[in-house]
Structure formats: C-alpha cells, structure tokens
Amino acid sequence: MSIASHRLFSRNDLIGFAVLAAIIFIVLPLALDTFRLNLFGKYLTYAFVALGLVLCWGAGGILSLGQGVFFGLGGYCMAMFLKLEASSPENTAIQSTPGIPDFMDWNQLSALPWWWEPFHSLTFSIVAVVVVPVFFAFIIGVAMFRRRVGGVYFAIITQAIAAIMTILIIGQQGYTGGVNGITDLRTLKGWDIRTDSAKEILYFVNGILLFACLLAAQYIRKSKLGRILIAMRDQEDRVRFSGYDVADFKIFVFCVGAAFAAIGGAMFTLQVGFMSPSFVGIVPSIEMVIYCAVGGRLSILGAVYGALLVNWAKTTFSESFPELWLFGLGALFIAVVMAFPNGLAGVYAEHVAPRIARLLRRGGVDLPATPDKTPAE
Amino acid sequence: MFSDYSMSELGAIFAMQGFAGLILFSVFVLMALGLAIIFGQMGVINMAHGEFMILGAYVTYITSNVFSDYLPALFSIYFFVAMVLAFIASGLLGMAVEWAMIRHLYKRPLDTLLATWGLSLILQQVYRSVFGAREVGVTIPDWIMGSLPVTDMIEVPINGIFVMVLAVGISAAIYILMYRSSWGKQVRAINQNRVMAGAVGINTEWTDRLTFGIGCGVAGVAGSAFTMIGSTGPTAGQLYIVDTFLVVVFGGAGSLLGTIASAFSISQAQSIMEFFLSGSMAKVLTLLTVVGILMLRPQGLFALKLRK
C-alpha cells in the first residue's frame, strides 16, 4: 500500500476537496443573500445525482437516463411526510375530510391510502428516502444486469421507466398530487422550513450530506471495487472471464447512484418546499446527465461544479434571455460530447493544472509534474 | 368489467378499439421505421428523431399554406407534394447532421445519444422561434375528412384509413429498399461487418450518410402524415421519442418485421386497454409490460443473429 494512488486522498485530491469545501461552506454563504443561497442549495441537490452518475456512468460505464426517478422517489418520500404534517386536522378543517392532504380531498378521497400511513413517522420517512429508491434500483439492476442488458439498451429502458413514472404520478393525482406535485409544505416536526434561518441551516445540512456522499464516492473510486468498475467499463468480458460477477458490481454501483440521487431529492424537497413530476421525467433525467458530463464524467468533484455551473447558467439565461437558453443547453450537450468529453475536469487537468504546477515549481514548491487527479484515462 | 355490455356491444367496442389501435399501429410504424433504419442498422441513437418528424410536419404546414394561397385549384393533392418535400427537407438535414456530428461519434453510442438530445433541444427552439410556441394545424382537404360507416354501430374515419395506407406503402417501400436494392445490401453488409464491407469496396462513409438521411427522411414523411390526425407544436416530437424507441427495441433492433410486429402488439394492447382503464393507466400498463418483456428477452422479439 505504499503507492500513492492507493491512499484515499492524494495531495491533489485533498486540495480539491478543501477548495470545494471552502466554496460551499465559506464563499457562497458569505457572498450570497438567503434567496440566492437557497437557490445554490437547490443546485447542489442536483450535484448528488451528478455524483451518482460519475460512479455509474463515468466509472461503471452504465448510463442511466432514469436518475430523475430516484431523485423523485427520494423527494416524494420526504414530501409525503411534510405534507402529512402540514395536513393536520386543525389545518385542514375546511375540507370535507379533515386530516388528509388537500389534493386527496379535491379528488374525492375520504381516507388516507394505506401506503401513506407510515409516513406519519419521521424516522420511517428518512429511512424510506434511501431504502425505497435503492430497492427500486436493485430490482431494475437485478433484472437488467443479470441478463446482461447494458449500454444503449439500458439507457433506453431506464428512460422508459422515467416516462412510466411520470405518467403514473400525473395519472394518479388523488394519491400523488398529480401534475402539481406535493406542494404547500410547511414544517418539519414543528420547525418552519420556510423561514430564512431554516433555509440557511438546510443549506449547510445539504452541504454536509453532499460531502459525506463525496467521501463515499471517493472511497469507492479508490478501493478495489472502483478499479474493477473501471476495468469492467473498458473490457467487460475480460473481467467476467477473470472470475468476477460483473452483474453484482453493476447492481451495487447503480444502487449507490440511486441512493445519492434520492438524498438529493429529499434535500431538494426540504429546501424548495415542494416536489413535482417535472423533476422525475425524461427531460430532467437527461439534464441531470449533462451536469455530470459538463463537470467531467470521470471526476467526482467535477460533478459538483458541473451541477452548479449548468444550473447557474440556466437560471441566469432563462431569467434574461428565455429563448436563448435552449440553444445554449443544446449547444452545451453537443460541445461537451464532441469537444470536451472529459468536461471541466478534463479541461482543468489538461490546461490549468500543468500551468499551476509550473508556476508553483518556479516558486520553489515541489509538486509532481503530472497530477494524478487527472481523470483522462 | 364486461358484464355491463351485451355481446354485440362488446363486439362493436372491440372492433372500434381495434380500429383505433390500427391507426395507432400505423402511427407507431411510421414513427419507428425511420428509427429502425438508423438505430437498427447503424446503431445510432437519434434522440432528435421526433424533431425530424416535426420538421416534416412543419414542411407540410407551409406547403398547405402555399397551396391554399397560390394554387387553390390543386389544393386537394397538396398533401402528396408536401410528403415529398418533407422527405427531402428532413433527409437533407439528416445528412448534414450526420456529416457534422454523427460520423465522429460512431464508436461512442451513448455520446451520440447526448449529442442528438442537444440537437433536439436546438431544433425545438428553432421551431418555437420560427413558427411560434402554439400548435399549428393544417387545413385538410375535404376528401380526407369525414368517416365511412361500416355498420350502424361502427364508423371508421377516412384520415385514419389514409394514414394506414401510408404506413403500409412506406413499409413496403423500405422493405424493397432494404432487401432488394444495392443500397440495402450495402447497409446490411456494413451492419454485419463494417471493416470487411469497406474492404470489398463499399463506400461506408457515403452509405452511412445516405442511410441516416433516408431514416430522417422517413421520419419527415411520418411527421407529414401526422398533420392529418393532430396538430403540430415545437415540443411534440419529444412526446413520441420513448414510444418510438421502445417499439424498435421491443421488435429487435435490425429487424424490420420485428419493428412492425412490435408496433402492432403495443398499439393493440394500448388501445384495447384504453377503453377499460383511463388513458394514462393503459399507457403505464403497456409500457410496463414492454419493459418487463424486454427484461426477460433483451434482444427483442425478432433478434438478428450477429457475431460480435
């Protein structure tokens, strides 16, 4: 274990993590007002999804176009708890059936469906946020990877699953809130999540969770498992012939990706205050892939920057030039595929990092000439 | 659920839903044929397929306006001109896209998917800027309107029959192109072994471009046909894309017969279920069944046996 790359962090990784931590925990909170900070908190929830995609797609070679499903499932589990708390019999006294969520009342439901009942408990909901999507991912993974469905077919089928999920949520509006989603969420165990101070606290909670996921992802990448994933991506048959059960590794990494996405979804619900099918379907799911691609599909930290940058650009452009945004997003998809397949991380590793290294060397600091953070294999 | 209806009513329901299913079948076939060529033969995931269809629809819209303004005497046949123009417009755009983008990405299918998705976003915005965000409808010639009464309980709309005839005609044309023309032979040869095909003198680059162009052109014709049964909006293409891909994958990529068979089963299942369940649940059940079957049989209904 004396080789440097076997350690969890190389020196460059440490610097990268420290810079990101400084940006998220110090620079952004100091530079932005609460409204903007909340907005960036929302962007960071997408970073969870992008991070999962770095593992699944960048490392494992599995492109899932259905990450929105897991993001949505996590978000809905959280939203169901918050909605039940907001729909106490006192709050909903004007309904024909008090004590059930307003959209159920509008849809002539007179009792809470049985599968909503456990979401009265916060503990259950928090467990469900992770367990439900992971279980779902596990079923999909077992069904697909055991039968060696991969690559393009996997992408198309996960996309179909995202479509099914959206149609289902919109169609069953009595149970799910339909196209509007679950809205008007107020308190978490009596703590009002809509106040400025709550938003700031949630931003930091979100950041800490993101770092926990980043650490987990880093651990997976640096472990033997991560190396098998990359080997599998490049030469699946050889790994199989070496005696590894390829399907198990794929299922595992797909479940990890789903868990990350779900945590992101739950934090999204908490920070934004609603959850709707517009974060589940095909379009948002593919957009989540572009966050990962822009950041660099091989770079764990790149995923965070990618999610921040694309979403920031989206907000800025669609505020001032709504018609230009789709052109920009479309061009971004094409450019990132044609010109920058390794995204921002690739650009950094090829152009920026060598210069920094040269500058530092000139300044007398001794650094390795080629940083091993370079994800451009 | 059947007890509320008498036998003859049930028969009429199944006949009507079956016919609605046949129209849906034709729609699926038209959508999927172009993709079956592009995805099945070339292995390219063209997420902008829907937008090529919409291009055909907008070309039809323009043609109908031009005819009604300048050539009112020929208005009743404008549709045939429109289809040819739609084929040319979508086909040329397809070839341009292949030249600019796709040919660099043949070895990276997942990246093609993302790049063509980007293309689809750009095209959508172009349509929105040029034609406006609202849906447009074409003026349909009189002879396509109305319906034919078959019995006193069963009526069939003429535009549905028209779309069906089109679907059959285009399927036949593609079958002849694929299995009887030298182009088709070259395409299939390249699909089976690209390097060998090049070695025996097939111009693989040109064939790829032509194939992509023809696939997109067929999408354009499909879009043109859809103006007969619905209106056209900038984002309408996105609605079709999942269905279309599922039809092609379910049928087994590379098999035209499979594509048609899967379009038939999916459309019939959906339209018959639609009568008893709500539309969205019918769609969910159909898609779930297809996904379920694909999990059991990933190669699709009719798999082409290839050595990889």
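Computation of the quantities below employed the complete heavy-atom set of this structure, encompassing side-chain atoms and omitting hydrogens, waters and symmetry-equivalent molecules. Each chain gets a letter, A, B and so on, in the order the sequences are listed, and its residues count up from 1.
- Residue contact with chain A, scored on non-hydrogen atoms closer than 4.5 Å, involves the side chain of B/I45 exclusively.
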Could you walk me through whether A/L326 and B/R128 satisfy the side-chain contact (heavy atoms from CB on, under 4.5 Å) test, starting with their C-alpha distance in whole Å, then the side-chain angles of each, then the deciding distance to 0.1 Å, before giving a yes or no? CA-CA 10 Å; A/L326 270 186; B/R128 199 173 285 128; 3.3 Å; yes

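- Interface residue A/V289: only side-chain heavy atoms are found under 4.5 Å from chain B.
- To the nearest 0.5 Å, atoms CD (A/E287) and CG (B/L121) are separated by 7.5 Å.
- Counting only heavy atoms from C-beta outward, the side chains of A/I156 and B/F39 approach each other to under 4.5 Å.
- Remark: B/W117 CH2 to A/L329 CG distance equals 9.5 Å, nearest 0.5 Å.
- The shortest non-hydrogen separation linking A/V152 to B/P109 is CG2-CB, 3.6 Å.
- Counting heavy atoms from C-beta outward, A/W57 and B/L110 have side chains that approach closer than 4.5 Å.
- Applying the 6.0 Å contact sphere to CH2 of A/W115 captures more than 12 heavy atoms from other residues, nucleotides or ligands.
- Atom CZ of B/F131 has more than 12 heavy atoms from other residues, nucleotides or ligands within 6.0 Å.
- Of the atoms belonging to A/F327, heavy atoms from both backbone and side chain fall under 4.5 Å from chain B.
- In this structure, A/G171 and B/S280 approach most closely via the heavy-atom pair CA-OG, 3.5 Å.
- Here A/I164 contributes atom CD1 and B/L288 contributes atom CG; the two are 4.0 Å apart, rounded to the nearest 0.5 Å.
- Nearest heavy atom pair, residue B/L113 against residue A/A155, reads CD1-CB, 4.0 Å.
- Residues B/M281 and A/I167 fail the side-chain proximity criterion, which asks for heavy atoms closer than 4.5 Å.
- Taking CD1 of A/I157 as the reference point, atom CZ of B/F250 lies at 11.0 Å (rounded to 0.5 Å).
- Dense packing is recorded around OH of B/Y106, with more than 12 heavy atoms of other residues, nucleotides or ligands lying under 6.0 Å away.
- Between chain B and the options A/Q172, A/R297, A/R148, heavy-atom pairs under 4.5 Å are most frequent for A/R297.
- At a 4.5 Å heavy-atom cutoff, A/I170 makes no contact with chain B through either its backbone or its side chain.
- The local environment of CZ in B/F264 is sparse, with at most 12 non-hydrogen atoms from other residues, nucleotides or ligands closer than 6.0 Å.
- Interface summary for chain A: among B/D243, B/V126, B/D111, B/L246, the most heavy-atom pairs under 4.5 angstrom belong to B/D111.
- Looking only at heavy-atom pairs under 4.5 Å with chain A, the residue among B/L105, B/L287, B/V249, B/L114 that has the most is B/L114.
- Interface check for chain A: of the options B/R108, B/M101, B/Q125, the most heavy-atom pairs under 4.5 Å are formed by B/Q125.
- For A/R238, the CZ atom counts as loosely surrounded, since its 6.0 Å shell holds 12 or fewer non-hydrogen atoms of other residues, nucleotides or ligands.
- Contacts between B/V290 and chain A at a heavy-atom distance below 4.5 Å are absent for every atom of the residue.
- Interface remark: A/V283 contributes backbone and side-chain atoms alike to the contact with chain B (heavy atom separation under 4.5 Å).
- No part of B/A48 comes within reach of chain A, as not one of its non-hydrogen atoms sits under 4.5 angstrom from that chain.
- Interatomic distance, NZ of B/K283 versus CG of A/L168, reported as 13.5 Å (0.5 Å rounding).
- What you find for B/V242 and A/A160 is that their closest heavy atoms are CG1-CA, 4.0 Å.
- For the pair A/R146/B/M295, no side-chain contact is recorded, criterion being any heavy-atom separation below 4.5 Å from C-beta on.
- Surrounding CH2 of B/W99 are at most 12 heavy atoms belonging to other residues, nucleotides or ligands under 6.0 Å away.
- Highest contact tally toward chain B, considering only A/I161, A/V149, A/L63, is held by A/L63 [criterion: heavy-atom pairs under 4.5 Å].
- No part of A/W325 comes within reach of chain B, as not one of its non-hydrogen atoms sits under 4.5 angstrom from that chain.
- For chain B, the nearby part of A/I286 is the side chain; its heavy atoms alone come within less than 4.5 Å.
- Taking the side chain as every heavy atom from C-beta outward, A/V337 and B/T112 never approach each other to under 4.5 Å.
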